[in-house]
K.L.:
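Here you go, one structure.
Quick caveat, the model's predicted, so the values are computed rather than measured.
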Amino acid sequence: MQAVYIVLPNSMHAEFTVRAAQAGKHVFCEKPMANTSAECQQMIDACKKADRKLGIAYRLQYEPHHRAVTQMACNKELGTLKPFTANYGQHQGEPNQWRHKKALAGGGALPDVGIYCLSAARYFSGEEPTEVMGFSHSPPTTRASRRWRSPSPSTCASPPASRRTAPATTARTRPRICG
């Protein structure tokens, strides 16, 4: 075995990436990479020290239809890019699963599933977002829906773990630069 694929709860990604690197294995880790930038750096450092490769399992930039739309946007085949709005939602299923426990899941709806909208804005525009907004909706039998807004991606906040049903994200970007 030359590599491991880490598909554990988010809070375990750093520990098991470091373990795998120390065991001499390349690592392919499910997204999000980790719950904190410090954990991400530990993962990077461990793989560098062991001369192992580290990849994060975020697939969209490799899928043919996403690559085609990105190329169309860069070639201005779609006209001038305006503010980018994307929606993504999913039914979270079992309310007691690990994704609903902050200690295991980490950052909430944005890094879990909202990242698809945020990444699409980045890939299609070729720019970093200047603003991210989102909302989370829960059925009326649970707590009320909440909206959240971040003035910049570096300060992104997301709803608490208990609010992770049907998240949607809107990302605005600067004018695109393709190259």
K.L.:
Membership question, hydrophobic clusters at under 4.5 Å side-chain separation (ILVMFWY): are Leu8 and Val27 in the same one?
P.N.:
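Linked, Val27 and Leu8 end up in one cluster.
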K.L.:
Looking at every non-hydrogen atom in both residues, tell me the closest pair between Ala46 and Val18 and how far apart they are.
P.N.:
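So the two residues come closest at CB-CG2, 3.8 Å.
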K.L.:
Say whether Met12 and Ile6 are linked into one hydrophobic cluster, either directly or through other cluster members, by side-chain heavy-atom distances under 4.5 angstrom.
P.N.:
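Same cluster: Met12 reaches Ile6 through Ile, Leu, Val, Met, Phe, Trp or Tyr contacts under 4.5 Å.
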K.L.:
Do Phe16 and Leu54 share a hydrophobic cluster (ILVMFWY, side-chain heavy atoms under 4.5 Å, transitive)?
P.N.:
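Yes: a chain of side-chain contacts under 4.5 Å links Phe16 to Leu54.
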K.L.:
Give, for atom NE2 of His66 and atom OG of Ser119, the distance between the pair rounded to the nearest 0.5 Å.
P.N.:
10.5 Å
K.L.:
Step by step, work out the side-chain contact (heavy atoms from CB on, under 4.5 Å) result for Met1 and Lys25.
P.N.:
CA-CA 8 Å; Met1 177 175 58; Lys25 307 300 179 192; 4.2 Å; yes
K.L.:
Please find the pair of heavy atoms, one from Met43 and one from His13, that lie closest to each other, and give the distance.
P.N.:
CE-O, 4.0 Å
K.L.:
Could you list the residues that satisfy ring-ring contact (aromatic ring centres under 6.0 Å, His included) with Tyr116, not counting sequence neighbours?
P.N.:
Tyr58, Tyr88
K.L.:
Looking at Arg122 and Glu128, is there a salt bridge between them, counting it only when a charged N and a carboxylate O are closer than 4.0 Å?
P.N.:
yes
K.L.:
When rounded to the nearest 0.5 angstrom, what is the spacing between CD in Glu15 and CD in Gln42?
P.N.:
10.5 Å
K.L.:
Mind listing the side-chain donor-acceptor pairs of residues 29-36 below 3.5 Å, one per line with the distance, residues two or more places apart or on another chain?
P.N.:
residue : atom : partner : partner atom : Å
Glu30   : OE1  : Tyr5    : OH           : 2.5
Lys31   : NZ   : Asp112  : O            : 2.2
Thr36   : OG1  : Glu39   : N            : 3.0

K.L.:
Would you say CD of Glu63 has more than 12 non-hydrogen atoms from neighbouring residues, nucleotides or ligands within 6.0 angstrom?
P.N.:
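Buried by this count: over 12 neighbours within 6.0 Å.
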K.L.:
Stepwise, does the side-chain contact (heavy atoms from CB on, under 4.5 Å) test hold for Trp98 with Asn10?
P.N.:
CA-CA 9 Å; Trp98 68 264; Asn10 304 342; 3.6 Å; yes
K.L.:
Give, for atom NE2 of His65 and atom CG of Leu60, the distance between the pair rounded to the nearest 0.5 Å.
P.N.:
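Here the interatomic distance stands at 7.0 Å.
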K.L.:
Identify the residue among Gln41, Lys48, Lys49 that makes a side chain to side chain donor-acceptor pair (under 3.5 Å) with Asp45.
P.N.:
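Output: one option passes, namely Gln41.
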K.L.:
I need the minimum non-hydrogen distance between Arg52 and His26, along with the two atoms involved.
P.N.:
NH1-NE2, 3.3 Å
K.L.:
Check Ala21 against Ala50 and note the closest heavy-atom contact, atom names and distance.
P.N.:
O-CB, 3.2 Å
K.L.:
Got a sec, which residues hit salt bridge (Lys or Arg N to Asp or Glu O under 4.0 Å) with Arg67, two or more places apart in sequence or on another chain?
P.N.:
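Applying salt bridge (Lys or Arg N to Asp or Glu O under 4.0 Å) to Arg67 gives none.
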